[in-house]
Trainee: 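Dropping the structure in here first, questions after.
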Amino acid sequence: MSVGSDDFAAGLLAWFDGAGRHDLPWQHPRSPYRVWLSEIMLQQTQVQVVVPYFERFVAALPDLPALAAASLDEVLALWSGLGYYARARNLHAAARACVERHGGGLPRDFDALLALPGIGRSTAGAILAQAWGERFPILDGNVKRVLCRYHGIEGWPSTPKVERQLWQLAETHLPATRLADYTQAQMDFGATLCTRHAPSCVLCPLQHDCVALRTGRVDALPTPKPAKALPQRHVLVLLLEDREGRVLLQRRPPTGIWASLWSLPEAVDHTEARDWFERHVRGNYDAATAREPIAHGFTHYRLELAPLHWRGVTPAGVVRDNEDLRWTERGELSSLGIPAPIRTLLEAL
DNA sequence: AAACCGGGGGC
DNA sequence: GCCCCAGGTTT
């Protein structure tokens, strides 16, 4: 693929001419300082929110030396309402570093930009491309989404493997000219057309080359972040039947999972289970039958319930039905609040 | 209330 | 170099 003949870049630039944003305040005039400030403000914040803050900020602090000379309090006051205040602290620290190290201007050098607090690879590229028209790619969330769809790339885009691939593609798509427009075009395109939900594929300048559209994968790409592995917990549950086939149920505490529902007595291990058994029923603990464990998923952990089953035990003297413990007929189960996996277990008896 | 996100920081 | 987080907002 030769430089400047890329359909992707050409399509985006043509789209940008007709549908992109050309009147954003950091585009007129387009100075390194204003581009930098806009990029930092835009990092976690949408364009329409940023615009008034940007205008207020540059009115008060129109250039980098002014920012460096301002107090942190003044900068934070101008930032107030934008959120993510670490961005403002980094901005201020970076401005002072530029005064010390670069004569009061933003360096026109990738590594020097990267060394400034708050500027990573994507932001450095955006500044170089927009402020000076240099050929550097960006890779923010919008661009990742567009590239994953266009090339049909599977896998969560923030894994090192996929991210390397995306930077590579971003590099190869760079046009030979109009780097500032191209950079803005990618951001506008991702924000307004190739959106996360319900993208406007019928209007898309890239629709004929988009792998995701061709393969019906638009809604599936980019691959969502994998749910992180949930902690696994294990618990023993005591399934105690008396001679009449009644089951001993215990009311759960009023808070936590299955709050106040009727469930089976629980124990973390056999020592605790034996102890509970001997205090509440008469019978032989070691006569228990281990039943098939039940897996149950919660939003924040997985629970494995390992049932221990006894038949023909008798209540110990101290155990009568009370608010937290009851011997329950089979026919009563349907009228009680019982956690689904426990109910399944009981109905399989 | 859960997903999202560029950069930073810990290992 | 990889993994995870902090800090607010959007869906």
Side-chain angles (χ1 to χ4, degrees), chain A residues 26 35-54 72 75-98 106-107 110-130 136-149 153 155-171 183-184 186-200 218-231 256-257 297-302:
Chain A
W26 43 91
V35 167
W36 171 42
L37 177 61
S38 73
E39 284 300 321
I40 302 301
M41 285 186 165
L42 287 165
Q43 270 173 6
Q44 270 95 346
T45 314
Q46 294 188 343
V47 167
Q48 78 272 12
V49 177
V50 164
V51 166
Y53 283 90
F54 178 88
L72 179 57
V75 174
L76 289 171
L78 289 165
W79 205 269
S80 177
L82 265 183
Y84 305 101
Y85 296 93
R87 294 184 296 172
R89 290 177 218 284
N90 285 335
L91 189 78
H92 187 237
R96 294 196 161 173
C98 286
L106 216 51
F110 184 80
D111 291 326
L113 284 172
L114 210 56
L116 295 170
I119 298 182
R121 181 172 176 184
S122 187
T123 301
I127 292 169
L128 290 169
Q130 298 207 77
F136 282 86
I138 61 169
L139 192 65
D140 65 7
N142 284 328
V143 177
K144 284 179 177 177
R145 180 171 60 253
V146 172
L147 291 175
C148 281
R149 285 178 176 161
I153 292 174
W156 184 46
S158 294
T159 58
K161 174 166 165 272
V162 176
E163 196 164 287
R164 263 197 305 278
Q165 201 179 348
L166 294 173
W167 275 112
Q168 178 63 44
L169 289 166
E171 195 92 49
T183 301
Q184 186 67 48
Q186 290 174 91
M187 300 191 285
D188 290 357
F189 183 72
T192 67
L193 194 151
C194 194
T195 49
R196 200 145 65 80
H197 297 292
S200 312
V218 171
D219 290 337
L221 294 177
T223 305
K225 179 191 176 93
K228 80 169 172 185
L230 299 176
I257 66 160
F298 294 98
T299 50
H300 46 310
Y301 64 94
R302 280 185 225 289

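Note on naming: letters A, B, ... go to the chains in the order of the sequence lines (proteins, then strands), and numbering restarts at 1 for each one. Being a predicted model, the structure only gives us computed values, none of them experimental.
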Trainee: For DNA chain B, what residues of residues 136-144 of chain A have any heavy atom nearer than 4.0 Å?
Mentor: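 Those residues are A:D140, A:G141.
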
Trainee: Assuming nearest nucleotide by heavy-atom distance, tell me which of A:V49 and A:T159 is located more 5' along DNA chain C.
Mentor: A:T159

Trainee: Using heavy atoms to find the nearest nucleotide of DNA chain B for A:L116 and A:Y84 separately, return the residue whose nucleotide is more 5′.
Mentor: A:Y84

Trainee: Is DNA chain B part of any stem, that is, at least 3 consecutive Watson-Crick or G-U pairs with both distances under 3.5 Å, and where?
Mentor: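 For DNA chain B the paired stretches long enough to count as stems (3 pairs minimum) are B:1-5 with C:7-11, B:7-11 with C:1-5.
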
Trainee: Between A:R145 and A:N142, is there a side-chain donor-acceptor contact under 3.5 Å, judged purely by atom types and distance?
Mentor: yes

Trainee: Can you tell me the distance, in whole Å, between the NZ atom of A:K225 and the C1' atom of B:dA2?
Mentor: 12 Å

Trainee: Donor-acceptor check, side chain of A:S122 to backbone of A:L139, threshold 3.5 angstrom: yes or no?
Mentor: yes

Trainee: I need the CG-C1' distance between A:L82 and C:dT9, as an integer number of Å.
Mentor: 12 Å

Trainee: Nearest whole angstrom, please: distance from the P of C:dT10 to the CZ of A:R145.
Mentor: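 In whole Å, C:dT10 P and A:R145 CZ are 15 Å from each other.
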
Trainee: Which nucleotide sits closest to the side chain of A:Y85: C:dT10, C:dC2, C:dG8?
Mentor: C:dG8

Trainee: Has A:T123 got a side-chain N or O lying under 4.0 Å from the OP1 or OP2 atom of B:dG7?
Mentor: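 So the side-chain polar atoms of A:T123 do come within 4.0 Å of the phosphate oxygens OP1 or OP2 of B:dG7, strictly under.
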
Trainee: Give a yes/no on whether any side-chain N or O of A:R89 is located under 4.0 angstrom from OP1 or OP2 of C:dG7.
Mentor: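 No, outside the criterion.
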
